[in-house]
Amino acid sequence: MFDIIADRFIKLQRKILGYGRLSQKEISDTLREIRILLLDADVNYKVVGEFLRSLEEKLKSEKIASSLKPGELVIVELYKEIVKLLGEKPTKLNLTNQFNILCLFGLQGTGKTTTAAKLAYYYKEKKPLLVACDPKRPAASLQLQKLAERVKVDFIPVKEDIFTTAKVALEFAKKNNNQLVLFDTAGRLHIDEELMKELKEFKEKIKPNYNLLVVDGMVGQDAVNQAKEFNEKIGIDGVIITKMDGDAKGGACLSIRAVSKAPIIFIGIGEKIDDLQEFHPDRIASRILGRGDIKTLIEKVESAVNREDQEKLTKKFLKGEFNLEDFLNQLKIIKKMGSLQKILSMMPIPELKVINFDEKEIIKMEAIILSMTKEERRNPKIIDGSRKKRIALGSGTTVADVNRLLNDFFQAQKLAKLFKDKRKIF
Amino acid sequence: MNIFEKLKGALKKTREKFRGIFFSDNLEELEEILLSADIGTQLTQKLIEECKKFSGDKKEFLKEKLINILSIPYKERFFSSPKVILVVGVNGSGKTTTVGKLAYYYKINHNDVIIASADTYRDAATEQLKIWAEKINTEIVLSQKGQDSAAVVFDAIQSAQKRKKDILLIDTAGRLHTRKELIEELKKIIRVINKIKKSKPEEIFLIIDATVGQNGIEQAKVFKDEIDITGIIITKLDGTAKGGILIPIAYEFKLPICYIGCGENIDDLIPFSPEDFVKAIFED
Ligand SMILES: Nc1nc2c(ncn2[C@@H]2O[C@H](COP(=O)(O)OP(=O)(O)OP(=O)(O)O)[C@@H](O)[C@H]2O)c(=O)[nH]1
Ligand SMILES: Nc1nc2c(ncn2[C@@H]2O[C@H](COP(=O)(O)OP(=O)(O)OP(=O)(O)O)[C@@H](O)[C@H]2O)c(=O)[nH]1
Ligand SMILES: [Mg+2]
Ligand SMILES: [Mg+2]
């Protein structure tokens, strides 16, 4: 599963990691390669287009452009975009009601009957009832019956039509205390109007808790047609992708969510009743990229970004170039991080760590600096009495507040000078 | 220029950049047709390059190219009685249904047909084929779940010989091409055929689902390399999938496409026509 696409992504990542700077050329090259790679993996070509547009924006961010080692950042962005495409968080079926109904549908031969049995096995503690709702395919009912025997769950064979079958099944389930009823329906094409109408009617009458589309994992560009049509005509609450045990490229996983908005809930990884796996977008994304270590990489990259910024700032500080604008940037970071403790630990000035800020104070400080002109921020010495009055008025604070901030700042600057001089001494 | 126009301009530029990575303008539409039919980037890129050099009607040129690729002659063969047709493929591609349709096809073309169910793995596989046999009114060799499939084939050839049947059609279990031990099982079946028929099976048809993506190429490759399939039947062409994967398959492996399946009824099987197939690719 995903091995072929992962191999190619690994190669691409090696190349990306070698980039010193990410100029327009490197970005275009990277996007071009990703395009081909995704198309070869059967991702729908329209989805690929949108994916690249979104990724390009990320790659052009200030953070990546200014980084000296952009490779890891690029990989993390790529990973995040893939996770986004796969649906971010894993979705679990909520079957906590006393009585739950699942209905499986999809094209011919995708794996509905097998998956119905796998689900019965997976939710066995709910006392499932398997219902053959396929009067069409030869021996479909018998197939499910044999599977039900293997899973050791209750079974209702198909009657003359699906509505009669459903009626019999629901009556049985009520009497027999089955908490979960699984309807296996006949394979149907999304353009078969008659059968789609029948399924819609079935859905409206039976009101399943979840209407699940079963898609063959080896599917190509048609995946989006299936997802789109079933979603528009029936409405899908979730998707199950089967036959992922071979060397399917997995493009369906990447395309379907984008067009149907329905979450992928399980993947089928074999013909046996326990060959069903929960779908975790993050794990799948790291498999697609061939990186089991993606979490560590993200942490590393995120702390490295902060470190790079900090180093730049410290250098500035030590050169005595630290001004109110830098101060403001620090405040912004602090605010984003939310915790005062964290900000303080990040300040390049050890002495500042003991200064007692509170959150309100930070907001006030920010407001004050924001009310200053650029010139004032870069060169706070020019802030005289009348400027102070203006700043206080603009920021809704008092002149005393402005004075306090300036005092703190000048003190910090003095400290910095001291550092600088000390350095000279050594 | 107002903001809206600017935005439109910018969007157009991005569109061009992404869609037109291989080329520009009117070829864009052709590229889209090829890619959305699952023809794949490699062959698409090559075909578009050729279109670029061509100065006439590029669409017609492209159609001709595709028809050429797909025009691999398929000649029916006969080695020794009974003629044996083995049907193989991945799970759910339509093997059993195609065996039923083929049996009907040969029957109305005045052949005495017998079918055998060598799928001893899937639940109710034999019963499914039995219903087809009843529908077409042909004889069938049944099997038990878990039985050795090669043994079923052995029995089937013997009874076909005894009853002087013209054609024996054999349905096999679905198997992914990545499952080595299951491919070995097919080889064993073929060995058994060679042994008692004293010749290879006349046909080994690989059944490919029209909805399949680039994975179809690997399917064709493995089944060709390992068991030397003689032709391809593509199923489910009655849906929205165009089955364009046949084009890189024909291009790379020179395998003839013999029939197409276009429905679930006994007569939904027709001989493959490259012209019609290509026409359908260019239809919306
Ligand atoms: N390798 C593999 N095979 C699977 C998987 N799920 C289902 N299959 C196989 O796919 C084939 C078709 O499965 P079914 O469950 O009969 O498909 P269906 O959707 O019910 O088919 P129809 O009812 O005819 O539309 C069978 O051979 C299954 O054993 C899977 O996850 N992996
Ligand atoms: N619409 C359509 N459905 C088809 C076609 N051919 C087969 N089917 C359907 O596809 C499903 C699977 O077909 P089978 O013949 O059981 O497939 P198989 O390859 O024998 O499946 P396994 O033995 O489980 O691997 C069934 O519901 C068939 O009715 C076709 O040409 N068009
Ligand atoms: Mg079924
Ligand atoms: Mg079969």
Side-chain angles (χ1 to χ4, degrees), chain A residues 4 28 31-32 35-37 39-46 48-49 52-53 56 107-111 113-114 117 136-147 149-150 187 189-192 215-223 225-226 229 242-243 245-249 251-252 270-271, chain B residues 11 14-15 17-19 21 31-32 35-38 40-42 44-45 90-94 96-97 100 121-132 134-135 145 173-179 209-216 218-219 235-236 238-245 263-264:
Chain A
I4 296 176
S28 305
L31 292 173
R32 184 181 296 118
R35 174 183 192 261
I36 303 229
L37 209 159
L39 286 170
D40 286 345
D42 293 322
V43 182
N44 181 266
Y45 72 96
K46 283 186 192 144
V48 171
L52 293 178
R53 239 158 286 164
E56 185 183 27
L107 263 62
Q108 287 90 348
T110 53
T113 307
T114 312
K136 210 172 58 132
R137 166 162 164 179
S141 186
L142 183 64
Q143 183 190 358
L144 190 64
Q145 183 181 339
K146 298 227 162 142
L147 285 162
E149 282 165 16
R150 182 132 10 101
L189 291 171
H190 48 283
I191 49 170
D192 187 327
V215 179
D216 186 325
M218 295 181 279
V219 69
Q221 299 288 317
D222 196 46
N225 297 333
Q226 298 173 22
E229 297 278 318
T242 61
K243 309 184 199 172
D245 43 324
D247 53 4
K249 312 285 164 74
E271 296 185 70
Chain B
L11 278 175
T14 10
R15 255 207 321 270
K17 197 157 73 224
F18 288 119
R19 288 234 196 108
I21 266 164
E31 186 207 21
E32 208 171 295
L35 287 177
S36 63
D38 291 308
T41 56
Q42 243 185 329
T44 296
Q45 205 164 349
V90 299
N91 306 85
S93 56
T96 306
T97 309
Y121 185 79
R122 232 229 17 235
D123 290 292
T126 287
E127 289 83 353
Q128 184 188 356
L129 194 63
K130 191 167 160 235
I131 294 172
W132 277 99
E134 282 159 11
K135 244 189 246 182
K145 194 172 149 74
R175 69 201 72 222
L176 296 181
H177 51 290
T178 49
R179 296 280 299 275
D209 183 326
T211 63
V212 80
Q214 300 309 300
N215 192 253
E218 262 103 57
Q219 292 176 22
T235 61
K236 309 184 194 175
D238 45 328
T240 49
K242 309 269 180 163
I245 196 67
E264 298 177 86

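Naming: A, B, ... by sequence-line order, numbering from 1 per chain. Hydrogens, waters and symmetry mates are skipped; everything else that's a heavy atom, side chains included, is used.
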Asker: Measure the OG1-CG distance between T41(B) and L37(A) for me, rounded to the nearest 0.5 Å.
Answerer: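 Output value for this atom pair is 9.0 Å.
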Asker: Indicate the atoms forming the closest heavy-atom contact of I36(A) with Q45(B), along with that distance.
Answerer: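 Looks like CD1-OE1, 4.1 Å.
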Asker: Heavy atoms only: give me the nearest N225(A)-T240(B) pair and the separation to one decimal.
Answerer: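 For N225(A) and T240(B), the tightest heavy-atom pair comes out as ND2-OG1, 3.5 Å.
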Asker: Measuring heavy-atom distances to chain B, does D247(A) have an atom under 4.5 Å in its side chain, in its backbone, in both, or in neither?
Answerer: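 Both parts, heavy atoms under 4.5 Å.
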Asker: May I ask you to decide whether E31(B) forms a salt bridge with R35(A), counting only side-chain N to carboxylate O separations under 4.0 Å?
Answerer: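 Result for this pair is yes, salt bridge flagged.
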Asker: Which bit of E218(B) is near chain A, if near means a heavy-atom gap under 4.5 Å: side chain, backbone, both or neither?
Answerer: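 E218(B) touches chain A through side-chain heavy atoms alone.
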Asker: Does atom NZ of K130(B) have more than 12 heavy-atom neighbours, drawn from other residues, nucleotides or ligands, at distances under 6.0 Å?
Answerer: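 Incorrect, the count does not exceed 12.
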Asker: Give me the atom names and distance for the closest heavy-atom approach of Q226(A) to T211(B).
Answerer: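 That would be NE2-CG2, 3.9 Å.
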Asker: Roughly how far, to the nearest 0.5 Å, is the CZ atom of R122(B) from the CD atom of Q143(A)?
Answerer: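 The CZ atom of R122(B) is 4.0 Å from CD of Q143(A), to the nearest 0.5 Å.
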Asker: Evaluate the criterion side chain to side chain contact (heavy atoms under 4.5 Å, CB included) for residue pair V90(B) and M218(A); output intermediate values, then yes/no.
Answerer: CA-CA 10 Å; V90(B) 299; M218(A) 295 181 279; 3.8 Å; yes
Asker: Could I get the full list of side chain to side chain contact (heavy atoms under 4.5 Å, CB included) partners for E127(B), not counting sequence neighbours?
Answerer: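 Partners of E127(B) under the side chain to side chain contact (heavy atoms under 4.5 Å, CB included) test: A139(A), L142(A), K146(A), A124(B).
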Asker: Relative to chain B, which of E229(A), K249(A), R137(A) shows the most heavy atom pairs under 4.5 Å?
Answerer: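 Top option by heavy-atom pairs under 4.5 Å: R137(A).
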Asker: Does any part of the side chain of Q108(A), heavy atoms only, come nearer than 4.5 Å to the side chain of T235(B), both counted from C-beta?
Answerer: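 SC-SC contact between T235(B) and Q108(A) ruled out.
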Asker: Specify which of A210(B), G92(B), G40(B) makes the most heavy-atom pairs with chain A at under 4.5 Å.
Answerer: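 It is G92(B).
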Asker: Heavy-atom pairs under 4.5 Å with chain B: which of L147(A), N44(A), D42(A), L189(A) has the most?
Answerer: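 Winner by heavy-atom pair count: D42(A).
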Asker: If you count heavy-atom pairs under 4.5 Å with chain B, which of D216(A), T113(A), D222(A) comes out on top?
Answerer: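 Of D216(A), T113(A), D222(A), D222(A) has the most heavy-atom pairs under 4.5 Å with chain B.
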Asker: With a 4.5 angstrom heavy-atom cut-off, is it the side chain or the backbone of I4(A) that approaches chain B, or both, or neither?
Answerer: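 For I4(A), side-chain heavy atoms alone lie under 4.5 Å from chain B.
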Asker: Can you tell me how far apart NZ (K46(A)) and CG (L35(B)) are? Round to the nearest 0.5 Å.
Answerer: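 The distance works out to 12.0 Å.
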Asker: In terms of heavy-atom pairs under 4.5 Å with chain A, which of T97(B), N215(B), D238(B) leads?
Answerer: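 Highest number of pairs under 4.5 Å: N215(B).
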Asker: Highest number of heavy-atom pairs under 4.5 Å with chain A: which of G100(B), A37(B), G216(B), A241(B)?
Answerer: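 Going by pairs under 4.5 Å, I would pick A241(B).
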Asker: Ignoring hydrogens, what is the shortest heavy-atom contact between K243(A) and N91(B)? Give both atom names and the distance.
Answerer: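 Minimum heavy-atom contact is NZ-O, 2.7 Å.
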